[in-house]
**Q** 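Provided herewith is a single structure, encoded as structure tokens, for subsequent inquiry.
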Amino acid sequence: MEIINKYFPQLSEEQQRQFAQLKPLYEEWNAKINVISRKDMSDFYERHVLHSLAIAKRINFCKGTDILDVGTGGGFPGIPLAVLFPECHFTLVDSIGKKIKVVQEVVNALGLKNVIAMQIRAEELKDSYDFVVSRAVTQMQDFVPWVKGKFKKQSKNELANGILYLKGGDLTTELAPFPKAEITAISEYFEEAFFETKKVVYLICQ
């Protein structure tokens, strides 16, 4: 938890409690349904929670923002962001039912009222959102068609509605078809070595 407090010192008592609950919850569920690499559990807060919260350093979502987390897996980046932004609405989707079961159990245990978890493919969703977030689910060329047309026309945040994507490594080739994509190095926000090659990619995608 120290690493979360280091970069997000203004957390409420409730948020502190919820973040502190995350690791034991995931340890318990990961023993039953493997949703997180077991070798990552010792660095859980750095590699999963803080990594997810890099999006919150790129944008401070305003009250009432609707956010879709595509390919959420065990609930990242959606659950940490939902704890940090309790007045925003989060829809977490994954096509794999057992992963959504873990997400729902964690959401229930934390008492999060701002999260809906669904086993569904992103392409099948009928609703529209302000932002789509995701963590390295697939190549951007494949990802964009999944969510095209799922954005609200009116923007209310400091960034126009679009995709906020966590990805690592050299993205030059992958993002060549998207010249307007904005790439921010997470090392601008967090000093740990793990983040040296990690990025937040922002792309307007109407």
Side-chain angles (χ1 to χ4, degrees), residues 7 35-37 40 46-62 65-85 88-96 99-100 103 115 117-118 120-125 127-152 155-190 192 194-206:
Y7 293 108
V35 292
I36 291 174
S37 168
D40 276 355
E46 177 183 289
R47 297 190 175 188
H48 295 283
V49 181
L50 191 61
H51 189 202
S52 297
L53 295 178
I55 288 172
K57 293 294 189 182
R58 184 69 178 85
I59 180 173
N60 184 24
F61 294 119
C62 68
T65 301
D66 284 309
I67 299 139
L68 171 67
D69 178 3
V70 172
T72 189
F76 301 97
I79 286 177
L81 289 171
V83 171
L84 194 65
F85 295 104
C88 297
H89 309 293
F90 290 83
T91 302
L92 277 53
V93 302
D94 202 284
S95 61
I96 300 173
K99 292 184 177 180
I100 289 298
V103 170
V115 177
M118 302 167 63
I120 190 172
R121 298 175 69 85
E123 307 96 301
E124 297 166 3
L125 290 165
D127 294 325
S128 54
Y129 305 87
D130 298 299
F131 289 92
V132 171
V133 299
S134 194
R135 185 167 72 150
V137 172
T138 186
Q139 296 282 307
M140 191 65 89
Q141 274 182 281
D142 298 320
F143 187 79
V144 167
W146 294 354
V147 299
K148 207 165 178 64
K150 304 246 184 304
F151 296 90
K152 296 181 181 181
S155 297
K156 57 189 174 191
N157 285 270
E158 72 242 38
L159 295 179
N161 295 349
I163 295 169
L164 289 158
Y165 203 74
L166 295 168
K167 202 80 194 275
D170 185 349
L171 303 177
T172 309
T173 303
E174 179 176 344
L175 295 179
F178 307 100
K180 293 186 177 178
E182 297 178 16
I183 305 167
T184 306
I186 296 178
S187 58
E188 289 186 22
Y189 311 130
F190 307 143
E192 287 71 20
F194 174 73
F195 299 108
E196 283 176 5
T197 63
K198 302 287 191 289
K199 318 282 196 315
V200 179
V201 179
Y202 166 59
L203 178 64
I204 298 172
C205 174
Q206 293 298 343

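Everything numeric here is computed off the predicted structure, so don't read it as measured data. Basis for what follows: all heavy atoms, side chains included, without hydrogens, waters or symmetry-related copies.
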**Q** Within the distance-only criterion (no hydrogens, no angle test), does the side chain of S95 pair as donor or acceptor with the backbone N or O of R121 below 3.5 angstrom?
**A** no
**Q** If only atom types and distance count, is the side chain of D69 paired as donor or acceptor with the main-chain N or O of L92 below 3.5 Å?
**A** no
**Q** Which value, rounded to the nearest 0.5 Å, describes the distance between R135 atom CZ and S52 atom OG?
**A** 5.0 Å
**Q** In terms of ring plane angle, is the pair F90 and F61 parallel, tilted or perpendicular, where the classes change at 30° and 60°?
**A** perpendicular
**Q** To the nearest 0.5 Å, what is the distance between CG on L164 and CG on L159?
**A** 6.5 Å
**Q** Heavy atoms only: give me the nearest T173-P177 pair and the separation to one decimal.
**A** O-CD, 3.8 Å
**Q** Can you tell me how far apart OG1 (T72) and CD1 (I96) are? Round to the nearest 0.5 Å.
**A** 11.5 Å
**Q** Fit a plane to each ring of F76 and H48, take the angle between them on a 0 to 90° scale, and name the class: parallel (under 30°), tilted (30 to 60°) or perpendicular (over 60°).
**A** tilted
**Q** Between N161 and K152, is there a donor-acceptor pair closer than 3.5 Å when you use the side chain of the first and the backbone of the second?
**A** yes
**Q** Is the side chain of Y7 donor-acceptor paired with the backbone N or O of A54 at a distance under 3.5 Å, no angle test?
**A** no
**Q** So, using salt bridge (Lys or Arg N to Asp or Glu O under 4.0 Å) as the criterion, who are the partners of K167 when residues are at least two apart?
**A** E174
**Q** For L50 and F190, what are the C-alpha separation, side-chain angles and deciding distance, and is it a side-chain contact (heavy atoms from CB on, under 4.5 Å)?
**A** CA-CA 9 Å; L50 191 61; F190 307 143; 3.6 Å; yes
**Q** State the CD1-CG distance between I55 and N60, to the nearest 0.5 angstrom.
**A** 13.5 Å
**Q** Any side-chain donor paired with an acceptor under 3.5 Å for T91 and D127?
**A** no
**Q** Dump the intermediate steps for side-chain contact (heavy atoms from CB on, under 4.5 Å) on D130 and I67, then the final yes or no.
**A** CA-CA 6 Å; D130 298 299; I67 299 139; 5.7 Å; no
**Q** Looking only at heavy atoms, which two atoms of C88 and C62 are closest? And how far apart?
**A** SG-O, 3.2 Å
**Q** Dump the intermediate steps for side-chain contact (heavy atoms from CB on, under 4.5 Å) on F131 and T65, then the final yes or no.
**A** CA-CA 8 Å; F131 289 92; T65 301; 4.0 Å; yes
**Q** With a 4.5 Å heavy-atom cut-off, do E46 and H51 have their side chains touching?
**A** no
**Q** State, with a plain yes or no, whether a side-chain heavy atom of I163 is found less than 4.5 Å away from one of F143.
**A** yes
**Q** Please determine, by modelled atom types, if R58 and T184 share a side-chain donor-acceptor pair under 3.5 angstrom.
**A** yes
**Q** Verify, without hydrogens or angle tests, whether K199 (side chain) and T197 (backbone) share a donor-acceptor contact under 3.5 angstrom.
**A** yes
**Q** Is any side-chain heavy atom of L53 closer than 4.5 Å to one of L81?
**A** yes
**Q** Can you name the nearest heavy-atom pair linking L84 to A56, along with the distance?
**A** CD2-CB, 3.3 Å
**Q** Under the side-chain contact (heavy atoms from CB on, under 4.5 Å) criterion, do K150 and L125 qualify, and how do the steps go?
**A** CA-CA 8 Å; K150 304 246 184 304; L125 290 165; 3.9 Å; yes
**Q** ring-ring contact (aromatic ring centres under 6.0 Å, His included) with Y189: which residues, sequence neighbours excluded?
**A** none
**Q** Let me confirm one number: the CG-CE distance from D94 to M118, rounded to the nearest 0.5 Å.
**A** 12.0 Å
**Q** What is the distance from atom CG of L175 to atom NZ of K180, rounded to the nearest 0.5 Å?
**A** 15.0 Å
**Q** What's the shortest heavy-atom distance between V35 and G74, and which atoms?
**A** CB-CA, 4.1 Å
**Q** For V137, give me all partners under side chain to side chain contact (heavy atoms under 4.5 Å, CB included), at least two apart in sequence or on another chain.
**A** S134, W146, Y165
